[in-house]
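Here is the structure we will look at, set down as structure tokens.
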Number of protein chains: 2
Amino acid sequence: MTENLLKPTPKNTLRGHEVTEQIKNFILRNGLTSGDPLPTESELCSELGASRSSVREAIKRLSALDIVEVRHGHGTYVGRLSLNALVESLTFRGRLSSGDDLATLSELVTVRKVLEQGMGEAIIQAYDDEQHSALEALVLRMEEAAERGESFIEEDRSFHLMLLAPMNNHLVTQLTGAFWDVQAVVAPLLLTTEAEARETAAAHRAIIESARHGDLPAFVAAVAEHYAPILNHLQEPEGNRG
Amino acid sequence: MTENLLKPTPKNTLRGHEVTEQIKNFILRNGLTSGDPLPTESELCSELGASRSSVREAIKRLSALDIVEVRHGHGTYVGRLSLNALVESLTFRGRLSSGDDLATLSELVTVRKVLEQGMGEAIIQAYDDEQHSALEALVLRMEEAAERGESFIEEDRSFHLMLLAPMNNHLVTQLTGAFWDVQAVVAPLLLTTEAEARETAAAHRAIIESARHGDLPAFVAAVAEHYAPILNHLQEPEGNRG
DNA sequence: CAAAATTTGTCCGTATGTATC
DNA sequence: AGATACATACGGACAAATTTT
């Protein structure tokens, strides 16, 4: 009578997490890198001895972390290991606490400030004319936009990424980009009055001028001044209060 | 001719991602916070008009980001929004590139250093006797362990988290913890020789002493000296070389 | 351009493990 | 211990997307 023909599956560890680890190990064992194709779902099923549902759920977990990337009707590939998961997680956290308090966002902006200040010494050391030209061009466009009463979001993002680019630290760049994205989504157009836009443009100019002159204290101060108005806005919500 | 009797399911967006967004919106709309229970899978199926598979795969994605948390046989709950996803993602990235180069880990340690240095001003400003006692106790245990030739991993983790604790910036603390965890997994016991252990303990003491005296340049230097040997190890692999 | 093949996406039905009462 | 409610796992069938023939 249908004894234990099927092994009772040692349920000390969950199948799904098992499969998740096995797929990660498969990538590591075979030395795959971003973009390399993975076996198809059915192949993974037979190779790992798991059902398609389990394999698919494992893949979902891994794709949320950008460890794998799925293209419908095409295949599954090793992901780009971006920080999308961080962006999504922090964005949700921000949206969740938003309304009653913007503490989360305030923390995030503080981290951005501190990261940039901490990078100051390295930034100044690596600062050269080429980089200055590129940043100067960005700042000019900011100033022009401010005069026209327009915003300059993209220029702002480029500025902060370009400021860090020369140190070739992928992680710093990605973190900065991630934080910027979260901030842009959770608090879109935080500063939009014309006066504030002009101030912000000026703050960016102060940053690159201090870097150009190799003046670390001035750089730290300039970064602080750049983030100060944002932090002020976040700590005392502008809208409705008695 | 078989007009749009059944809506042809606007397959511009995939069902799974739809469901993922709907679950996130459900949490936001109902103002749920960490620990609050979510509807059961079957309830979600009927409410969202999706199959169990789609709902389950969406939940897998969300649980990977710690936006929801699943307890087997009990239910699904709003997650703690930790940075586990970041840890897992970075850990995998480190393991993936490990062997040929430890560039990833080197970047990570640099970020840790820079974050702590950038925090210096705020740390010093908030530094008080109470905190110093706690940190002093940790450093003492480090020094004792170093004398006995033992390592002091847990003390190290506590030290760096406690150093940042007073600023009540959840994100900084979580990021630091996450980075520490990644480093511990990818490069376990990076420094284990007795001399290095003593050096490291001394570096920690230098950090708290400079903070105690409110000496920012000394603090920055102490942090740099703390991370310098680690970065050296990472940039020139110790093992096999002519 | 059209059909076929491949691969992932979705759905259903059912059985099993797990936690709570 | 038994009952209930829940998540986990499996297998099969069909839909949708992409590439190839």
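So you know, we letter chains A, B, ... as the sequences are listed, proteins then strands, and number each from 1. Side chains included, hydrogens not; waters and symmetry mates left out as well; all remaining heavy atoms used.
Under the 3.5 Å distance criterion, with hydrogens and angles disregarded, no donor-acceptor pair is assigned to the side chains of B/R93 and B/T104.
For the pair A/R71 and A/Y77, the distance from NZ or CZ to the six-membered ring centre is under 6.0 Å and the angle to the ring normal is within 45 degrees.
Put simply, the side chain of A/F26 does not reach to within 4.5 Å of the side chain of A/L48, judged on heavy atoms.
Each of A/G73 and A/V55 was assigned the nucleotide of DNA chain D with the nearest heavy atom; the assignment lying further toward the 5' end belongs to A/V55. Between A/S53 and A/G75, it is A/G75 whose nearest contact on DNA chain C lies nearer the 5' terminus. Checking A/S51 against B/R71, the closest nucleotide of DNA chain D that is more toward the 5' end is the one next to B/R71.
Per the geometry, CG belonging to B/L44 stands 11 Å off P belonging to D/dC6, to the nearest Å. Across the protein-nucleic acid pair, B/L14 atom CG and C/dT7 atom P stand 18 Å apart, rounded to whole Å. The nearest whole Å value for the distance from the NE2 atom in B/H74 to the P atom in C/dC21 is 7 Å. If you take CZ of B/R15 and P of D/dA17, they are 13 Å apart, rounded to a whole angstrom. Between the C1' atom of C/dT20 and the OH atom of B/Y77 lies a distance of 10 Å, rounded to the nearest Å. Rounded to an integer number of Å, the gap from CD of B/E69 to C1' of D/dC6 is 15 Å. Straight-line distance from the CD atom of B/E41 to the P atom of D/dA9: 11 Å, rounded to whole Å. When rounded to the nearest whole Å, the span between CG of A/L62 and P of C/dT8 equals 14 Å.
Here the nucleotide nearest the side chain of B/R56, chosen from D/dA7, D/dC10, C/dC11, is D/dA7. Closest to the side chain of A/K60, from the set C/dG9, C/dT8, D/dC10, is C/dG9. The side chain of B/T40 lies closest to D/dA7 when the candidates are D/dT8, C/dT8, D/dA7.
Looking at A/R52, its side chain comes within 3.5 Å of the base of C/dG9 through a donor and an acceptor atom. Scanning atom types as modelled, one donor and one acceptor separated by under 3.5 angstrom connect the side chain of A/H72 and the base of C/dT8.
Summarising the base pairing, C/dC1 is matched to no nucleotide, lacking a Watson-Crick or G-U wobble pair whose two defining distances lie under 3.5 Å.
Of the possible donor and acceptor atoms, none in the side chain of A/E41 sits under 3.5 Å from a partner among the backbone N and O of A/R52. Not a single donor-acceptor pair under 3.5 Å links the side chain of A/S106 to the backbone N or O of A/L102.
Distances shorter than 4.0 Å separate some side-chain N or O of A/S54 from OP1 or OP2 on D/dC10.
Within 4.0 Å of B/T76, counting heavy atoms only, lie sugar-phosphate atoms of the nucleic acid but no base atom.
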